[in-house]
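Contents: one structure, followed by commentary.
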Amino acid sequence: MISLTPNSLAALVESALSTRSSFLGRAVHAQIIKTLNNPLPSFLSNHLVNMYSKLDLPISAQLVLSLTPSRSVVTWTALIAGSVQNGRFASALLQFSNMLRERIQPNDFTFPCAFKASASLRMPAIGKQVHALAVKDGQIRDVFVGCSAFDMYCKTGLRDEARILFDEMPEKNIVTWNAYMSNAVLDGQPRNAVKAFIEFLRVDGKPDSITFCAFLNACSDALYLEPGRQLHGFIIRSGFLADVSASNGLIDFYGKCRDVGSSEMVFDRMCQRNDVSWCSMVTAHLQNYEEEKACMVFLQAREEGVEPTDYMISSVLSACAGLSGLELGRSVHALAVKACVEGNVFVGSAIVDMYGKCGSIHDAEQAFYEMPERNLITWNAMIGGYAHQGHADMALAFLQDMTSGSDDVVPNYVTLVCVLSACSRAGAVEMGLEIFESMRARFGIEPGVEHYACIVDLLGRSGMVERAYEFLTKVRIRPTIAIWGALLGACRMYGKPELGKIAADNLFELDPKDSGNHVVLSNLFAAAGMWEEATLVRKEMKHVGIKKGVGCSWISVKNGVHVFQAKDTSHERNSEIQAMLYKLRKEMKEAGYVPDTDFALYDLEEEEKISEVWYHSEKIALAYGLITIPPGVPIRITKNLRICGDCHSAIKFISGIVGREITVRDNNRFHRFRDGQCSCRDYW
DNA sequence: CTAGGGTTAG
């Protein structure tokens, strides 16, 4: 039988903490009560309070503290530190004031906790009070205390106070410099962070991985690719490449600076990777629009048995949203539930966003209502989902609800972009204009280029093409690609070649590499019978060496994705596809379908034009879907270009003939076809 | 026995 001395019992409490076992902790606590008489030695009480508080068992921690008559600053600090560590910042401040009420002086361990809690709660008024206390007994001169006070002033936006404190610090260490650099980046002053790093090296400071990450953040913030590369060399030379955090910082930096190849190189050469490394690699792909690769890295991480974290899950959901990958998205949603992170507000918002972007608006709504906590991003994701569907009424209702509900959120720039684009897609012209006119007064938001683009789109789409042009010439901003693009699209839709030429010329100047604009202009001329001009545009396109981007449609069947181009006959089941197309064409003709050859690209004989539009990629993908997807299951097709008018009307007919639900997500919005009708009510 | 700066996300 080993004898249980107070010291060995304290060691047992510590081992409960280090193994994060509340079960062991409670058992040891029971043993302590059995072995020793009340009151317990105060150092043992301190250990217990510390253990309970750090394990996020605040009620037990409070209880032990209140049963400790000889509690000291150490007891209280243990309690407060645990609250801070577990994100209970308001409790921490309450405990701090309770301690003051007992006339116990905070020490150099207590102040940093109190500053961190005030900083995290963004409560400068409280922070200032704590600061005054620290000044009064001279503790502010301590590096720990001074540094955390400085961090608090930065995070609460009191720049002048932060500056004074920093300049008057009697002693600075690496933590001070790291805090300075990180906060400079957060404050949008990456140059200052870089300067601080140089100064730090000059005073002979030895940087650590946190310093490196702060510097890399400054570089990615300002797109300083070269300085970041130089730091990469410095990291290698100082032997810090083995440090996982430093390497993770490099992956993130290269990803944000559009050099995802270097991210991959760093990632591949790491001998130790953690969950952050994997997640950083996923987001590096994501930031470079490589959604498929992001998903591949995620699947590889799963194979290697990496724990799925809330960060990883929200990142992968965003990849699914970009791919319109409903099936993978659903399985990641299930994984989020399994990993117990679906209550996280980031994850929840990503789920709402994913379902919205994949066109499953009811799933998005359900996820939205089931979230325990919602913020502005959640609301924007939901409104964005309605915008994708062209549900202006719902977008407007949610704009109302977000300000009047219990979530306490205020609409921002993005919210208004979503609402206006919902109006434009639904043809709610008056409503859209009214919101645009009143956004400054009602929401305090200054209209920006995206809002202007929505209005040009709104007017143009509803046929007021001249008014759209007049609008954009009157506003003070420089029209962007999106704005000219919206105008060009409207000109194509309503047959306005003269205005279309103006829009296209501006687009050619802003975005010379995009072939799509040439194609649209050529089609616009072709539809107006101006064949010479159409040919000229195509020749010019060849002349400057732009090839038409490949238009394609894809459909996922039993975990496999099948991609089709126009006139595609390369699929292994081509003969069945052709037979299905033949059968459909016959039945459609009987049902009264007339091909719309406005959308043929060349000046061909009528018969050839019909054939040209008949073999658009979405029709081929649909035929494949009809022969492979069992009846009753909705067919979902994704297309990288806008759906053409002929395909739109053809798919309406087909949905009626075959009695199935068909969804097409083009690069702009969703179309849900059912019983011969489309959810967009032919307005798009 | 108690403490400060940080890497990944919607």
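Within every chain, numbering begins at 1; the chains are lettered A, B, ... in the order of the sequence lines, protein sequences first and strands thereafter. Scope of the values below: all heavy atoms of this structure, side chains included, with no hydrogens, waters or symmetry mates. Here the structure is a predicted model, which is why all the values come from computation and not from measurement.
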Once rounded to the nearest 0.5 Å, what's the spacing between atom CE of Met312(A) and atom CZ of Arg302(A)? 9.0 Å
What's the CG-C1' distance between Leu165(A) and dG4(B), to the nearest Å? 13 Å
Sequence neighbours left out, what passes salt bridge (charged side-chain N to carboxylate O under 4.0 Å, His left out) with Asp310(A)? Give chain and number order. none
For the side chain of Asp310(A), starting at C-beta, report the closest nucleotide among dG6(B), dG10(B), dA9(B). dA9(B)
Tell me what Val282(A) touches on the nucleic acid: a base, only sugar-phosphate, or nothing, going by heavy atoms under 4.0 Å. nothing
Below 4.0 angstrom, which residues in residues 106-115 of chain A have at least one non-hydrogen atom near DNA chain B? Asn107(A), Asp108(A), Phe109(A), Pro112(A), Cys113(A)
Among residues 250-259 of chain A, which ones have heavy-atom contacts with DNA chain B below 4.0 Å? Asp252(A), Lys256(A)
Between P on dG4(B) and CD1 on Ile174(A), what's the gap in Å once rounded to a whole number? 16 Å
Are Phe368(A) and Phe398(A) near enough that their ring centres are under 6.0 Å apart? yes
Does Arg273(A) reach the main-chain N or O of Phe267(A) with its side chain, forming a donor-acceptor pair under 3.5 Å? yes
Leu79(A) backbone acceptor or donor facing Ser83(A) side chain under 3.5 Å: yes
Any base atoms under 4.0 Å from Ser42(A), or only sugar-phosphate, or nothing? Heavy atoms, all strands. nothing
Given 3.5 Å as the limit, does a donor-acceptor pair link the side chain of Thr415(A) with the main chain of Asn380(A), or not? no
Here the distance between atom P of dG4(B) and atom CD of Glu171(A), to the nearest Å, is 17 Å
Met281(A) has an atom CE; how far is it from atom P of dA9(B), in whole Å? 13 Å
Spacing of Glu342(A) atom CD relative to dA9(B) atom P, expressed in whole Å: 22 Å
Are a donor atom and an acceptor atom from the side chains of Asp151(A) and Ser148(A) found within less than 3.5 Å of each other? no
Mind listing the residues from residues 45-58 of chain A sitting with a heavy atom below 4.0 Å of DNA chain B? Number order is fine. Asn46(A), His47(A), Asn50(A), Lys54(A)
Mind checking if Asn183(A) touches a base, just sugar-phosphate, or nothing, with heavy atoms under 4.0 Å? nothing
What distance do Glu14(A) atom CD and Leu17(A) atom CG have between them, rounded to the nearest 0.5 Å? 5.5 Å
What's the shortest heavy-atom distance between Asn288(A) and Gly255(A), and which atoms? ND2-O, 3.1 Å
Do other residues, nucleotides or ligands put more than 12 heavy atoms under 6.0 Å from the CZ atom of Arg258(A)? yes
I'd like to know whether the aromatic ring centres of His232(A) and Phe253(A) sit less than 6.0 Å apart in this structure. no
With a sphere of 6.0 Å drawn around CD of Glu307(A), does it hold more than 12 non-hydrogen atoms of other residues, nucleotides or ligands? no
Any residue in residues 283-301 of chain A with a heavy atom nearer than 4.0 angstrom to DNA chain B? Just list them by number, or reply none. Thr283(A), Gln287(A)
Give one of base, sugar-phosphate or nothing for Asn375(A), where a contact means two heavy atoms less than 4.0 Å apart. base
Mind checking Ala381(A) for me? I need base, sugar-phosphate or nothing, with any heavy atom below 4.0 Å counting as a touch. nothing
Asn173(A) atom CG is separated from dA3(B) atom P, nearest whole Å, by 17 Å
Measure from the side chain of Asn248(A), starting at C-beta and using heavy atoms only, and say which of dT7(B), dT8(B), dG10(B) lies closest. dT7(B)
Nearest 0.5 Å, please: how far is OG in Ser263(A) from OH in Tyr254(A)? 8.5 Å
Provide, to the nearest angstrom, the distance between the CG atom belonging to Leu40(A) and the P atom belonging to dC1(B). 18 Å
Would you kindly say whether Asn274(A) and Ser277(A) are connected by a side-chain donor-acceptor distance under 3.5 Å? yes
Just by modelled atom types, is the Ser53(A) backbone N or O under 3.5 Å from a matching donor or acceptor in the Asn86(A) side chain? yes
Residue of the set Phe197(A), Phe150(A), Phe166(A) for which ring pair (Phe, Tyr, Trp, His ring centres under 6.0 Å) holds with Trp177(A): Phe166(A)
Name every residue in residues 142-156 of chain A that has at least one heavy atom under 4.0 Å from any atom of DNA chain B, in order of residue number, or write none if there are no such residues. Val143(A), Phe144(A), Asp151(A), Lys155(A)
Report yes or no: is there a donor-acceptor pair, N or O only, under 3.5 Å between the side chain of Ser315(A) and the base of dA9(B)? no
Is the distance from OP1 or OP2 of dT7(B) to the nearest side-chain N or O of Asn217(A) less than 4.0 Å? yes
Distance-only donor-acceptor test, Ser314(A) side-chain atoms vs dG10(B) base atoms, 3.5 Å: no
Interatomic distance, Leu216(A) CG vs dG6(B) P [rounded to whole Å]: 15 Å
Regarding Ser245(A), tell me which of base, sugar-phosphate or nothing describes its non-hydrogen contacts under 4.0 Å with the strands shown. base
If you check every side-chain atom of Ser209(A), which of dG6(B), dG4(B), dT2(B) has the closest atom? dG6(B)
